[in-house]
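Computed over heavy atoms, backbone and side chain alike; hydrogens, waters and symmetry mates excluded. For ligands, and for the atoms within them, numbers begin at 1 and follow the listed sequence.
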Amino acid sequence: MEHPENDPKYVGLNVNKGISRPPVINPYLKSARKKRGNYSPGEYIEQILKGNIIFLSQAVTLLESRKNEHQSIAREIIEKCLPFSGKSVRIGITGVPGAGKSTSIDAFGTYVIDQRHRKLAVLAIDPSSERSKGSILGDKTRMEELSRNPHAFIRPSPTAGSLGGVARKTRETIILCEAAGFDTVFVETVGVGQSETAVHSMVDFFLLIQISGAGDELQGIKRGIMEMADGIIVNKADGSNIEKANLAAAQYRNALQLFPPPASGWTPRVLTYSGYYQIGISQIWDMIDEYISFVKTNGYFDFRRNSQAKYWMYESINEQLKNHFYQSPKIKKELAIKESKVIHSEISSFQAARQMLEMYFKERD
Ligand code: GDP
């Protein structure tokens, strides 16, 4: 471009020739600028298999999303990661609030990473987490040591939905974590309800944290949960509490004898420890190792994993059938009418249900 200022009559004014824009020096900058969530399933899979935690986290966010387009990407990622999964030891951890789950997971996790050189993912199932704004379980501040450890991946529970939905997402997260190279997975839940069964259906070892004190030792935790446990560990065996913890352990041992022997052929053990003072942690880990090699030898390990895969297939079918049914606009409308008829005894519940299903299946024909 001609610059009139360059005319010799304008002494002292000189416009320099511009330079062209230099190329971007950092070749990664372009891809880093890409908007979050804009990657292809292939890019996610490639990065997850390389152990990229950021991509792993984002993939988990996609699978937790309610948006259809996110879910379809997530499904593809999960399918492709499946062949690289399955190689971790999955441990379910439960106990009533206050039993010391956070403290213990912090201690166990730090121990397995530092002493046994494992890579650990800590996940949670807490169907009530939306009510408490996602923080009773999986909150990083509860596991201070672990959250600073570069070999740990901590992910809070998917936010509320049906228990089945929350549990399925956690199970799918396990697959992604394993594909990313995590060889140990903890799945935490509060020991007060149904979520234990869900956790039990996705882990190899089910660990129940108990505490001593407060009268009847068997109170506060359902008998069914004790029956599912492969190991019971009595926490807070420190200071003046040691004797009480030992007594509680003896009571649990007696109680376990009353249960039918588990299908694994393994006799559940009862140990005492202190999560806070980190006493007895290695013994717990030895027990888990021993269990895993025991069930790998007798074939129960594969049997349990296969039954779980089967269970999740049916769960998934049930969930999708139910959603499909209840989300149909025609069904929704008719349900309201039938509901009122049932309430006013104009039609029996059974007949209303039959008519609804007939209508649904006719629509599909
Ligand atoms: P959670 O609700 O099951 O996650 O339990 P927390 O880990 O939050 O622990 C509940 C309380 O028990 C906290 O005040 C902990 O400091 C305390 N606690 C946990 N583990 C131990 C332990 O090994 N010994 C003692 N004395 N206290 C503990």
Side-chain angles (χ1 to χ4, degrees), residues 91-115 120-149 152 154-158 166 170 185-196 198-200 203 205-215 217-222 225-226 228-229 231-249 252 269-288:
I91 299 161
I93 299 177
T94 193
V96 291
K101 288 181 298 300
S102 326
T103 315
S104 303
I105 290 174
D106 206 20
F108 297 161
T110 308
Y111 173 83
V112 294
I113 291 170
D114 292 351
Q115 305 297 321
L120 173 72
V122 180
L123 313 176
I125 292 185
D126 174 19
S128 64
S129 65
E130 199 161 76
R131 224 180 321 141
S132 56
K133 286 283 163 263
S135 65
I136 41 168
L137 291 172
D139 191 338
K140 288 185 181 186
T141 56
R142 297 182 307 125
M143 300 160 195
E144 249 181 78
E145 276 287 312
L146 208 52
S147 60
R148 285 198 301 259
N149 199 312
I154 303 176
R155 183 85 192 186
S157 173
V166 171
T170 303
V185 178
F186 289 172
V187 185
E188 178 193 11
T189 188
V190 264
V192 286
Q194 282 293 307
S195 36
E196 278 63 38
V199 174
H200 190 252
V203 297
F205 189 95
F206 195 64
L207 194 60
L208 171 60
I209 298 180
Q210 296 280 53
I211 36 172
S212 62
E217 301 297 349
L218 299 182
Q219 268 185 10
I221 203 95
K222 293 206 174 78
I225 295 174
M226 265 190 72
M228 283 191 291
I232 295 179
I233 49 176
V234 183
N235 190 16
K236 311 194 187 183
D238 46 53
S240 58
N241 207 34
I242 293 181
E243 227 166 277
K244 273 196 266 171
N246 285 337
L247 188 64
Y252 288 125
R269 302 225 180 115
V270 182
L271 301 174
T272 59
Y273 77 107
S274 167
Y276 190 83
Y277 294 101
Q278 293 161 31
I279 306 165
I281 311 283
S282 65
Q283 284 85 339
I284 295 172
W285 204 256
D286 287 341
M287 166 177 73
I288 295 173

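Between the side chains of T110 and E145, no donor-acceptor pair of N or O atoms lies under 3.5 Å.
Close approach of ligand 1 to K101 is summarised as follows: ligand atoms under 4.0 Å from at least one heavy atom of the residue are 1 (P), 3 (O), 4 (O), 5 (O), 7 (O). Shown in contact with P97 at under 4.0 Å from a heavy atom are these atoms of ligand 1, numbered in order with element: 2 (O). Near S274, meaning under 4.0 Å from one of its heavy atoms, ligand 1 places the atoms 22 (C), 23 (O), 24 (N).
When the heavy-atom distances from atom 8 (O) of ligand 1 to S102, G95, G100 are ranked, the shortest goes to S102.
For the ligand labelled ligand 1, residue V96 lies inside the 4.0 Å heavy-atom shell. Distances from ligand 1 to the non-hydrogen atoms of G275 include at least one value under 4.0 Å.
For residues 277-286, the set of pairs meeting the side-chain hydrogen bond (donor to acceptor under 3.5 Å, both in side chains) definition, not counting sequence neighbours, comprises R116-D286.
Only the side chain of N235 comes within 4.0 Å of ligand 1, judged by heavy-atom distances. Residue D238 touches ligand 1 through its side chain alone, judged by heavy-atom distances below 4.0 Å.
Remark: ligand 1 and T103 share an N or O pair separated by less than 3.5 Å (distance only, no angle test). Checked by distance only, ligand 1 and Y276 come closer than 3.5 Å through their nitrogen or oxygen atoms.
For T189 (side chain) and I125 (main-chain N/O), a donor-acceptor pair under 3.5 Å exists by modelled atom type. Not one N or O on the side chain of D238 forms a donor-acceptor pair closer than 3.5 Å with the backbone of S274. Not a single donor-acceptor pair under 3.5 Å links the side chain of N235 to the backbone N or O of I209.
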After noting the C-alpha distance and the side-chain angles of I233 and F108, does the key distance pass the side-chain contact (heavy atoms from CB on, under 4.5 Å) rule? CA-CA 12 Å; I233 49 176; F108 297 161; 3.6 Å; yes

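Shown are L208, T272, L207, L271; of these, the side chain to side chain contact (heavy atoms under 4.5 Å, CB included) with I232 is made only by L208.
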